[in-house]
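In what follows, a single structure is set out as structure tokens and then discussed.
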Amino acid sequence: MRLRLPPFRSPRPRPLTALVLGAAVALAGCAGGPARGPGATPAAEAAPLARGPFVAAANPLAVEAGLAVLRRGGSAADAAVAVQAVLGLVEPQSSGLGGGAFLMHFDAGTGEVTGYDGRETAPAGAAPELFYEDGRPLPFREAVLSGRSTGAPGAVALLARVQAEQGRLPWSELFDDAGRLARDGFVVSPRLAGMIAGRSGQAATPWATRYFTKPDGTRYAAGDLLRNPAYADTVAEIAAGGAEAFYRGRIAREIVSTVAQEPRPGTLGEADLAGYEPIERGALCRPYRIYVICVPPPPSSGVAVLQLLAMAERTPDILEGPDSADAWTAFAQLQRLMYADRDRYVADPAFVGVPVQGLLDPDYVAARAALAEGLTGAAEPGLPPGGVLAGPDATFEPAGTSHFVIVDDRGDAVSMTTTVESVFGSGRMAAGFFLNNQLTDFSLDPLRADGGPAANAVAAGKRPRSSMSPVIILDRQGRFLGALGSPGGTSILAYNAKALIAVLDWGLSMEEAFALPNLVARGDGFGADTERFPPDLRAALAARGVELRPNASENSGLHGAIWRQGPDGWGWDGAADDRREGVARGE
């Protein structure tokens, strides 16, 4: 889809104060050059910026695999295959071959921004009461651990399609690092070790117990060498046979067999896998001050990020900066309004009419933003143009996601959020990888409080609503500036919005933006990184009715990069969230 910018409605962008942004044209050199923001001044950071290919991801081994592909002349799409293949091995608590993803791609040659939907689908045998027993919804934990929770995985098919369209290297050459690490072993990281030793039910399933228990009967710990020969065999088959080898044949049979086991077998069958197709959905792009922000359309919740930014443009307090209690209060109240609308309206557009244009309608956005100052508790959803007022559903979205950003030597870029849903997905393994529990992203109760069907209810072939919202940032000429994204369950929307506001409005570097405290306001409470808020700022927030409590959702894992001018010229200002184990590296 060729990017077409909608009319610009905010004529007074705020100048950047500590950061200069410009267009990252093809890195070999392209006419036009980087564009400065009005009134911007050079950044003071002394660290040199990367100018060549760049990768930011949640594990150093995955970053190195991506860079190795880029060094061989591979594209961002090629490197994405290698990064995901390694992440699925070394960070299986978050993403993998058995999960799904949303991917945003920027083509430097054409200027096109494209969104790809690799979200899992419910099997043909799924019914609205999939998670019902004895006339009521199953407890969430039991639903996750059941075979019913697994949908047809989408990550492999998604990457195969994008690589076929945007790749430069042979598909068969993109799995070398994943295969080698699986055969020879990789060092268990502290985060993975913590998940292995954690209290999640998925870490205690028979599949996980077999995989994570050493011959002496103890569990793998940080620093141990973990081998996965089954995974090595699987990636070798996929490398040789393409996505077809995953969705048909041995691997597919193992997936189906695992899903069919007790407790509570699922109905996912070989036909469901063979029939899976990723969807190219174009890109949902809107202006934000002097920039353009692009996200994937529903069932991604990217529209909610755009709605929050549109409200922020109409909220002057946002511009007061990261030390301002007024700015944080405004940010929290806008979140409440955004989440109320997201929870009410966003679902699979093939099954439910999602009022995307109505949620972003300028008059509707202005009316919603005007409600922020008077909010004293949870916000009620509005009625955007084209929206049909419904009741809230019973959807719960836990932890288990990752994000990475890649830019290649021609300026093509990938921003991809990928997940198995919960920690280690369903806790079930097939062919060396964990299976997703993505179907628990549907509303466990198919009915609203008023007895009508929930927008995000289960249906055969349906894709569950997702908070995954990978971001591409452009200038007003459609040139690539950067990309970012995060895991975090429903908090992804707050994390992405915080990072965008911090970089684009507050003039912070990516590292500074990611390190800021997180504040999540969904419903009537305020979850936060309480220890990262200075005491005086916490007190000022409390005086405004924003009583911070520890964040109960998955924490952030932001990864991203922005093109800016440093002391030694233009380059990539990239970062990885210090709350996790990722790195950001360039050439």
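Sequential numbering from 1 along the given sequence is applied to the chain's residues.
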Check: [Y] main-chain N/O paired with [X] side-chain donor or acceptor under 3.5 Å:
X    : Y    : answer
E280 : Y116 : no
D317 : A327 : no
T440 : N437 : yes
N551 : V520 : no
E421 : Q438 : no
R522 : S491 : no
R119 : P464 : yes
D573 : S509 : no
K462 : A350 : no
H105 : L103 : no

Are side-chain heavy atoms of [X] and [Y] found at a separation under 4.5 Å?
X    : Y    : value
Q307 : L360 : yes
D323 : L537 : no
E373 : L375 : no
F131 : P137 : no
V407 : W572 : yes
I473 : Y288 : no
D475 : I290 : no
D505 : I318 : yes

As a quick check of understanding, evaluate side-chain contact (heavy atoms from CB on, under 4.5 Å) for E120 and D441, giving each step before the final call. CA-CA 10 Å; E120 295 87 341; D441 260 3; over 6 Å; no
How close do [X] and [Y] get, counting heavy atoms only, and between which atoms?
X    : Y    : result
V346 : P298 : CG1-CB, 4.3 Å
R289 : A312 : NH2-O, 3.5 Å
D529 : L516 : OD2-O, 4.4 Å
D408 : A76  : OD2-N, 2.9 Å
F351 : A459 : CE2-CB, 3.8 Å
S149 : A143 : CB-O, 3.3 Å

Between the side chains of [X] and [Y], does any donor sit under 3.5 Å from an acceptor?
X    : Y    : result
T121 : R463 : no
Y345 : N456 : no
R342 : S467 : yes
S443 : D445 : no
H403 : S486 : no
S95  : Q84  : yes

Could you tell me whether D361 and R368 make a salt bridge, using a distance below 4.0 angstrom between a side-chain N and a carboxylate O? no
Before accepting this row, confirm whether a basic side-chain N of the pair R136/E129 lies closer than 4.0 Å to the acidic partner's carboxylate O. no
Derivation of the side-chain contact (heavy atoms from CB on, under 4.5 Å) call for M104 and T114: CA-CA 6 Å; M104 296 293 291; T114 308; over 6 Å; no
Rounded to the nearest 0.5 Å, what separates atom [atom1] in [X] from atom [atom2] in [Y]?
X    : Y    : atom1 : atom2 : result
E313 : L319 : CD    : CG    : 9.5 Å
N518 : T530 : CG    : OG1   : 11.5 Å
L309 : M338 : CG    : CE    : 9.0 Å
L159 : T418 : CG    : OG1   : 7.5 Å
S301 : D341 : OG    : CG    : 11.5 Å
L306 : L359 : CG    : CG    : 10.5 Å

Suppose the criterion is side-chain hydrogen bond (donor to acceptor under 3.5 Å, both in side chains): which pairs have a residue in residues 533-547, not counting sequence neighbours?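 side-chain hydrogen bond (donor to acceptor under 3.5 Å, both in side chains) check on residues 533-547 returns D326-R544.
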Sequence neighbours left out, what passes side-chain hydrogen bond (donor to acceptor under 3.5 Å, both in side chains) with [X]? Give chain and number order.
X    : value
D412 : none
S426 : none
D577 : S556, R579

More than 12 heavy atoms of other residues, nucleotides or ligands under 6.0 Å from CD of E511: yes or no?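 Counting neighbours around CD of E511, 12 or fewer heavy atoms of other residues, nucleotides or ligands fall under 6.0 Å, so no.
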Does atom CD of E380 have more than 12 heavy-atom neighbours, drawn from other residues, nucleotides or ligands, at distances under 6.0 Å?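 At most 12 heavy atoms, drawn from other residues, nucleotides or ligands, come within 6.0 Å of this atom.
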Given F404, which of V55, L87, T417 fulfils the side-chain contact (heavy atoms from CB on, under 4.5 Å) condition?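 That would be L87.
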Does anything in residues 482-504 pair up under ring pair (Phe, Tyr, Trp, His ring centres under 6.0 Å), and if so which pairs, sequence neighbours excluded?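 Non-adjacent pairs meeting ring pair (Phe, Tyr, Trp, His ring centres under 6.0 Å): zero.
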Ring pair (Phe, Tyr, Trp, His ring centres under 6.0 Å) with F533: which residues, sequence neighbours excluded?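 With sequence neighbours excluded, F533 shows a ring pair (Phe, Tyr, Trp, His ring centres under 6.0 Å) to W328, given in chain and number order.
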Could you walk me through whether Q357 and Y364 pass the side chain to side chain donor-acceptor pair (under 3.5 Å) test, one step at a time? CA-CA 10 Å; Q357 301 306 319; Y364 178 72; over 6 Å; no
Derivation and outcome, side-chain contact (heavy atoms from CB on, under 4.5 Å), residues L500 and L484: CA-CA 8 Å; L500 288 166; L484 61 82; 3.8 Å; yes
Which is it for M468 and T419 under the side-chain contact (heavy atoms from CB on, under 4.5 Å) test, yes or no, and what are the steps along the way? CA-CA 9 Å; M468 292 189 289; T419 187; 3.5 Å; yes
